[in-house]
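Naming convention: chains lettered A, B, ... in sequence-line order (proteins, then strands); numbering from 1 in each chain. None of these values were measured; they are calculated from a predicted model.
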2 protein chains.
Amino acid sequence: MPATIRDVARASGVHISTVSRTFSAPHLVNPETRVRVLACAEDLGYRPNRAARALITGRTHNIGLIVADIANPFFPPLIKAAEGQARHRDYHVFVADTNEDPVAEEDLVHALAKQVDGVLLCSPRMSNSLIEQVSREVPVVVINRQVAGLPCVMMDVGQGARAAIEHLLGLGHRRIALLGGPRGSWTAREMRRAATAAARSGSAELTVLGPNQPTETGGGALAEQVRRSGVTAVLAYNDLMAIGLIEGLDALGTRVPHDVSVVGVDDIALSSITRPKLTTVATPTAAAGRTAVDMLLQLDSDAPRGARGRGAAAGDRRTTAQVMLQTELVVRDSTGPVPAPGRDGTGA
Amino acid sequence: MPATIRDVARASGVHISTVSRTFSAPHLVNPETRVRVLACAEDLGYRPNRAARALITGRTHNIGLIVADIANPFFPPLIKAAEGQARHRDYHVFVADTNEDPVAEEDLVHALAKQVDGVLLCSPRMSNSLIEQVSREVPVVVINRQVAGLPCVMMDVGQGARAAIEHLLGLGHRRIALLGGPRGSWTAREMRRAATAAARSGSAELTVLGPNQPTETGGGALAEQVRRSGVTAVLAYNDLMAIGLIEGLDALGTRVPHDVSVVGVDDIALSSITRPKLTTVATPTAAAGRTAVDMLLQLDSDAPRGARGRGAAAGDRRTTAQVMLQTELVVRDSTGPVPAPGRDGTGA
DNA sequence: CAGTCGGCTGCAAAGGTTTGCAGCCGAAGA
DNA sequence: TCTTCGGCTGCAAACCTTTGCAGCCGACTG
């Protein structure tokens, strides 16, 4: 039923190679011929068979995007940006969701490897060595993590965490908790490192709680622990946890920011809607998505791995660009001055 | 570099067709041979080339999922469910986002058509006739819309809207607004129809506001209009709009549910977190995703369109199952009794 | 007028897999 | 002992497209 290149060739009275060139190298075919071929193709509803094309060129014109949890509002803007950028370059994006599971992650990247030209690993939970291994099988760009020798696009959460802690210090807080992220998260490690350093240089005490699930539930589950710990401020791994925590504290009668200040990370859309509006570290997620796609496609055009590829002779120079995008503290209503001492912050 | 079927054949001393069968029809090959071949394959890191397989079988083992807006929290659970179900049957899912744009939608489905075995059209914004046209090019299952002659999985938002209106009537509300959804949305039309009927039979007055963007912003933008209209209750197209509206009303000094009751639709995770917790019509999104995948795969196995396909002779019986999933009203804190008359609900 | 060149097109191989058909071998039945 | 049969494997065509090479033709140069 579907028209092939042969049907078009017959209809327009040229050889199939001319039809092929009409689509993949238009400048090589006579304008008159081209319009005739295009007309016939249009007429027959012909669309090049991507499988056949992929078989010979070695490129699928698809890229894979693996995220930890598509339901986490942090990811959709990144996905949209990546999709847009890819589409713009005539690529499509496979989105896959690992449910925060490193094993599912590995399975997915293998399953995807054979049908995409490259993979974007977004906030990977697997080990660096596994990532390196995977990168030998398929071109990879890593988002939200630093892996030596691999192209990465990161957001400067270290700087963000520092800014958040300094903001809290400025409000007088000296007992601060850090709600850690999921096990295996580079971002979580970076935040911890930077927050610890910033707290120390401000002579504040930093309590690390975690690792945790980076969701509302994960944040809410820590409310009791936060209250008991006697801290007056909290920096959460992300906005979702911050929101869950605020909710949980509220249920315990502890008010934010009156009794406890809370800072999130990501600046998801939700954060400017919930009450109180969340003070947070804004991350440039859309830019990260676009940049990562560009880097992957760049990588891809540098080192062709097609059927006709000449081997690895040329591709060895390994660009391995590593991009660090800036973050920014957005102060809203969930942070305030440290409460007067004497009360213990339970709000009772 | 990547191992082909030929390498495996050579290594294990059998013909390539035996290797092929080892993977695609294991019962046809001698168990001993099979283990040897599998061992060699494992050894060489062989993975069947999906493009080559697709070229000959006519199946890509991919399905496309087109949604209006991946950042709308309504969709991710559906996407996850669809992905899970698909993966379970050895399929992968392409997710694409149309940004609520019918034109982008059409472009996407065409772009996808050639590289997937079928497309899930989720909450399509294009016209029915266009959908029918598309369905001649590629197998289609429609989600959240009824199209005659096409397999559809719908959620009974009509019943949901009726339940919501009746809930409001029971609380004494007689002046109710309906915040309409986006242009082209079947759900929006169904809700309007059912809500109008329910309001009429309860002798209530229903004001329809819209169409609108189905986002927080879209909801927030209607706050002023809602306040001026003098209604005491609002049924919003979805939770996002409801939340935006509550936010907008709050900024105007109108409190929910004290001055105005608000009901949403979808029961997204967020709805039980924001203050006040949202009364809403829960829709079975995950079930919809799973069901749709099943229907598409079923459709697909009924009517092979592969290179070896015998033509359309057998596939004509057109199953066209249409599934309607039930919805459920979840009463939380955003609805309450109608305020005492005399005050006009401005809360001032 | 001979030679060259450039633009365009045709030819055919190649890419990795699936699958109908045929052949092989050993065992069971006659 | 000769068929028959079934289980397994090999053979080769087919799927659709891309691309290096070669050939054609007309025009320009010397």
| field | Set of salt bridge (charged side-chain N to carboxylate O under 4.0 Å, His left out) partners for A:Arg6, sequence neighbours left out | value | none

| request: Show your reasoning for whether side-chain contact (heavy atoms from CB on, under 4.5 Å) applies to B:Leu38 and B:Arg34. | output: CA-CA 6 Å; B:Leu38 285 176; B:Arg34 197 191 318 165; 4.2 Å; yes

Carboxylate-amine/guanidinium contact [X] [Y], below 4.0 Å:
| X | Y | value |
| --- | --- | --- |
| B:Glu137 | A:Arg47 | yes |
| B:Glu83 | B:Arg290 | no |
| A:Arg87 | B:Asp107 | no |

| So, is B:His15 close to the D:dC11 phosphate, meaning a side-chain N or O under 4.0 Å from OP1 or OP2? | yes

Please report the distance, rounded to the nearest Å, between [atom1] in [X] and [atom2] in [N].
| X | N | atom1 | atom2 | result |
| --- | --- | --- | --- | --- |
| A:Arg47 | D:dT17 | CZ | P | 13 Å |
| B:Asn49 | C:dT18 | CG | P | 10 Å |
| B:Arg50 | C:dT17 | CZ | P | 13 Å |
| B:Arg10 | D:dT9 | CZ | C1' | 18 Å |
| B:Ile5 | C:dT19 | CD1 | P | 11 Å |
| B:Lys114 | D:dC15 | NZ | P | 15 Å |
| A:Tyr46 | D:dC16 | OH | P | 10 Å |
| B:Leu55 | C:dA14 | CG | C1' | 12 Å |

| remark: Given protein heavy atoms under 4.0 Å, the one-letter contact record of nucleotides 21-28 of chain C, with B base, S sugar-phosphate only and - none, is simply --------

| note | OH (A:Tyr91) and CG (A:Leu297) are apart, to the nearest 0.5 Å, by 5.0 Å

Side chain of [X] (C-beta onward), nearest among [options]:
| X | options | result |
| --- | --- | --- |
| B:Ser20 | C:dT18, C:dG10, C:dT17 | C:dT18 |
| A:Ile56 | C:dG10, C:dT17, C:dG15 | C:dG15 |
| A:Arg6 | D:dT18, D:dT17, C:dT17 | D:dT17 |

Does some side-chain heavy atom of [Y] sit less than 4.5 Å from a side-chain heavy atom of [X]?
| X | Y | result |
| --- | --- | --- |
| A:Val14 | A:Thr33 | yes |
| A:Glu132 | A:Val147 | yes |
| B:Asp117 | B:Asn62 | no |

Heavy atoms only, 4.0 Å cut-off, all strands: where does [X] land among base, sugar-phosphate and nothing?
| X | value |
| --- | --- |
| A:Thr18 | sugar-phosphate |
| A:Val14 | sugar-phosphate |
| B:Ser17 | base |

| Of the options B:Val116, B:Leu130, B:Thr98, B:Val119, which is the one that meets B:Val109 in a side chain to side chain contact (heavy atoms under 4.5 Å, CB included)? | B:Val119

| task | Mind listing the residues from residues 27-34 of chain B sitting with a heavy atom below 4.0 Å of DNA chain C? Number order is fine. | result | none

